Amino acid sequence: MSETIDTLLQENRKFAPSAEFVAQANINDATIYESADSDWQGWWTSWAEKLDWFKKWDTVLEWEQPFAKWFTGGKINACFNAVDRHVLAGRGDRVAWIAEGEPGDQRVFTYADVLTEVQKLANALKELGIGKGDRVCIYLGQGPELCLSMLACARIGAVHSVIFGGFSAQSIAERVNDQGAKLIITADGLWRRGKVIGLKKIVDDALDLECPTVEHVLIHERVGVVGHVTNGMAAPDYDRGMAIPGRDVWWDEIVELQSAECACEEMDSEDLLFILYTSGSTGKPKGIMHTTAGYLTGTSATSKLVFDLKDSDVYWCTADCGWITGHSYVVYGPMANGVTQVLYEGAPDTPDKDRFWRIIERHGVTILYTAPTAIRTFMKWGEEYPRGCDLSSLRLLGTVGEPINPEAWIWYQEVIGGGRCPIVDTWWQTETGAIMITPLPGIVSTKPGSATRTFPGVSATIYDEDGNDLVKTHGIPVGGLLVLNRPWPSMLRGIWGDEERYRQTYWSKFSDAYFAGDGAKLDEEGYFWLLGRVDDIMLVSGHNISTMEVESALVDHHSVAESAVIGKTHDVKGQSVAAFVILKGHVSPSEELKQELRAHVATKIGALARPDDLFFTAELPKTRSGKIMRRLLRDIAEGRVMGDVTTLADPGVVAALKGQYEDKEG
Ligand code: WT7
């Protein structure tokens, strides 16, 4: 890569928070940035002090790059901070969860209910032989039992490792064996688009692949129970008779018998809280490790300030607890703040494409946190769905997961937020544990497509390939590689069982900073614009162009719903731009439109970025977390045998695209 990343797409719109929002914001004093920066350990300490401790820490930070220890000497429990302390403070009647299943069933849990259930479950785990430090895998659909399982592990000091309910038997076995888990918590199934996904059967297949450390499987009856009471629902494909005696235990047959009293284990600040696997584009998944006190400090502070959480809020983060977003911004961060939140099990288009908006209307959701891929899907479905619902309760919108195209940002703001809600575009990673770059909604004016500034106390800058700090040597505006150059409390503590890979992946490219793997630019006002993974930056005739910018230019055209852009090897230019385009519902593909779109990119960005190839497609290959797999598109475009497709949400999509590409080349 040449010295800096050329950033060609200009986005000049800017939105200041309304006076009304500023007046009520949890934080609206901009001097917080300087004060947190000048004493960042003191800043994080002030947030640690808001947690409940069995014993306060001796030392705030021990930092021997790349190993950080925060709040050492302290004793604390994550479940206590998420649940018990609210009940002890007389707030047990507050609603914690409003849980909606896909079939429409609803359950409400107060904090007192959660405390009762989590203690019973924790006692059941103990009866199954689980103790401090043991690993427990959780393979459940989004809902109360998933959150309870995480919290019950935390309560007794067991390490949880959630495996997203869309992963295969093979992926489960790989994760279970990597960490030597003793127990798997699962369900008979979950609902997805009206169909039952038989979780327990998939777990059985995983166990057939040999998982020698697993002693028990705890099964929650989800589908069976609701199936009995919901007319016309798909029948459960797993029943009690199929459980293997001695190994398999039904939730209600053990949990219901337990006492509702189970003391919290006093954990060291640096005791492991969870392992969460994240799949890189190559190699086996990495077991990212997060510990207790620093993680809680980072997630509770960011939840409170980024989402401006108030007692009056009904918060809804649409992420599943199978991902880090569900760990940090469904369970630990929001619950440490005693929030009332919605948990939704299913798909956004079941029974119809307005399901999300109906949920917001039904429960009076005030804060919505979702992903750009979802927003673009809603745009494609059409405005009529949100327009048909009352969304006036919303007051703040958030996004996470990938760069949000300015067009999607504006749509989110206007159609969902009614023009009144600030948008927080939050950049972070499984590895960072908590939000790192984001607006504070009562302080920072937003620009569509920019995650704006580092969260107070966090420090980031832009390096070149050789590790020069371009902000120092070059000044702003500048583009290059995003690094975090100061430790933060919720940072990963390593990769389970592979210290060398931890050093290699994050700390070897630069000697003095954490390499995030993303490209970014800093504009003339010091705002960060994330440009996607460095692997996704193209080198066209000597210019670094971000695939994300070309995608945004395409989505800017009124007929385009979504696009994916890649750099394809080219004899002369090094790489040429190839685009895959999904059109909006009512638009039909044509040669004219193809030319028009190529020209549109040239007008928006410059002739350099004009796609040589442009294909219309109905779907794009995505991971189960909704990220476009550009690596596969490069394989297709360059006529290679396709790499690993096991993490694809829908493998059929790739075959269809490959056929189209070969027709053209042939
Ligand atoms: C990668 C981390 C963090 C929770 C979900 C993803 C991309 C994430 C943004 C954003 C631009 C973003 C980055 C990052 N990303 N949020 N607001 N703007 N890019 O967690 O699976 O660990 O992925 O997601 O490329 O490195 P993850």
Side-chain angles (χ1 to χ4, degrees), residues 11 162 164 166-167 274-281 285-290 295 298-299 302-303 306 317-333 369-376 397-406 408-409 412 423-439 446-455 458 460 481-484 488 490-492 495 505-506 514-521 527-537 546-549 551-552 622-631 647 649:
E11 173 56 61
V162 183
F164 175 61
F167 277 122
F274 65 86
I275 302 170
L276 182 64
Y277 286 81
T278 170
S279 37
S281 48
K286 305 187 279 278
I288 303 298
M289 300 195 289
H290 282 288
Y295 175 79
T299 54
T302 48
S303 294
V306 176
C317 167
T318 67
D320 188 285
C321 288
W323 314 115
I324 189 69
T325 309
H327 286 63
S328 303
Y329 298 109
V330 174
V331 177
Y332 292 109
Y369 190 33
T370 193
T373 178
I375 297 166
R376 289 192 300 266
L397 304 174
T399 131
V400 61
E402 53 178 326
I404 180 163
N405 327 92
W409 194 102
Y412 196 29
I423 295 185
V424 289
D425 174 359
T426 60
W427 178 89
W428 58 296
Q429 307 177 300
T430 304
E431 292 87 343
T432 69
I435 293 168
M436 297 282 107
I437 303 180
T438 177
T446 52
K447 303 181 187 183
S450 170
T452 77
R453 308 181 57 165
T454 47
F455 186 79
V458 173
L481 309 176
L482 179 69
V483 299
L484 299 172
W488 64 99
S490 63
M491 64 197 286
L492 78 165
I495 296 175
T505 310
Y506 306 105
Y514 169 87
F515 175 47
D518 282 7
K521 66 177 173 180
Y527 276 48
F528 285 92
W529 298 74
L530 279 303
L531 299 172
R533 306 295 299 167
V534 172
D535 309 343
D536 293 333
I537 289 170
S546 136
T547 53
M548 181 255 145
E549 287 188 303
E551 287 160 10
S552 288
K622 288 186 183 164
T623 63
R624 290 182 178 82
S625 61
K627 286 196 202 319
I628 295 169
M629 292 187 76
R630 293 190 187 73
R631 174 176 57 80
T647 53

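Computed from a predicted structure; not experimentally measured. Order of appearance sets the numbers: ligands from 1, and atoms from 1 within every ligand.
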Quick check: Asp425 and ligand 1, any N/O pair under 3.5 Å apart?
yes

Proximal ligand 1 atoms for Lys627, defined as those under 4.0 Å from one of its heavy atoms
1 (C), 6 (C), 21 (O), 23 (O), 24 (O), 27 (P)

So which heavy atom in the protein is nearest atom 10 (C) of ligand 1, and how far is it from that ligand atom?
Glu402 O, 3.5 Å

For the residue pair Ser328 and Thr299, confirm or rule out a side-chain donor-acceptor distance under 3.5 Å.
no

Per-atom contacts, ligand 1 versus Ile324 - under 4.0 Å to a heavy atom
4 (C)

Between Thr432 and Tyr514, do the side chains contain an N or O donor and an N or O acceptor separated by less than 3.5 Å?
no

To the nearest 0.1 Å, how far is atom 3 (C) of ligand 1 from its closest protein heavy atom, and which atom is that?
Trp428 O, 3.2 Å

I need the contact type for Thr426 against ligand 1. Using non-hydrogen atoms and a strict under-4.0 Å cut-off, is it side chain, backbone, both or neither?
backbone

Classify the ring geometry between Phe274 and His327 as parallel (under 30°), tilted (30 to 60°) or perpendicular (over 60°).
tilted

Taking 4.0 Å as the limit for heavy-atom contacts, which would you say applies to Thr430 with ligand 1: side chain only, backbone only, both, or neither?
both

Would you say Gly401 has any N or O atom under 3.5 Å from an N or O of ligand 1, going by distance alone?
yes

To the nearest 0.5 angstrom, please state how far the CD atom of Glu402 sits from the NZ atom of Lys622.
7.0 Å

Does the side chain to side chain contact (heavy atoms under 4.5 Å, CB included) test come out yes or no for Thr446 and Asp425, once each step is laid out?
CA-CA 9 Å; Thr446 52; Asp425 174 359; over 6 Å; no

Quick one: look at Gln429 and ligand 1, take heavy-atom pairs under 4.0 Å, and tell me if it's side chain, backbone, both or neither.
both

Is there side-chain contact between Trp427 and Met436, with heavy atoms separated by less than 4.5 Å?
yes

Atom 14 (C) of ligand 1 [closest protein heavy-atom partner, distance rounded to 0.1 Å]
Asp518 OD2, 3.3 Å

Protein heavy-atom partner closest to atom 11 (C) of ligand 1 - residue, atom, separation in Å:
Pro403 N, 3.1 Å

May I ask you to check whether Tyr369 and Thr325 show a side-chain donor-acceptor distance below 3.5 Å?
no

Is it the case that ligand 1 has an N or O less than 3.5 angstrom from some N or O of Thr325?
no

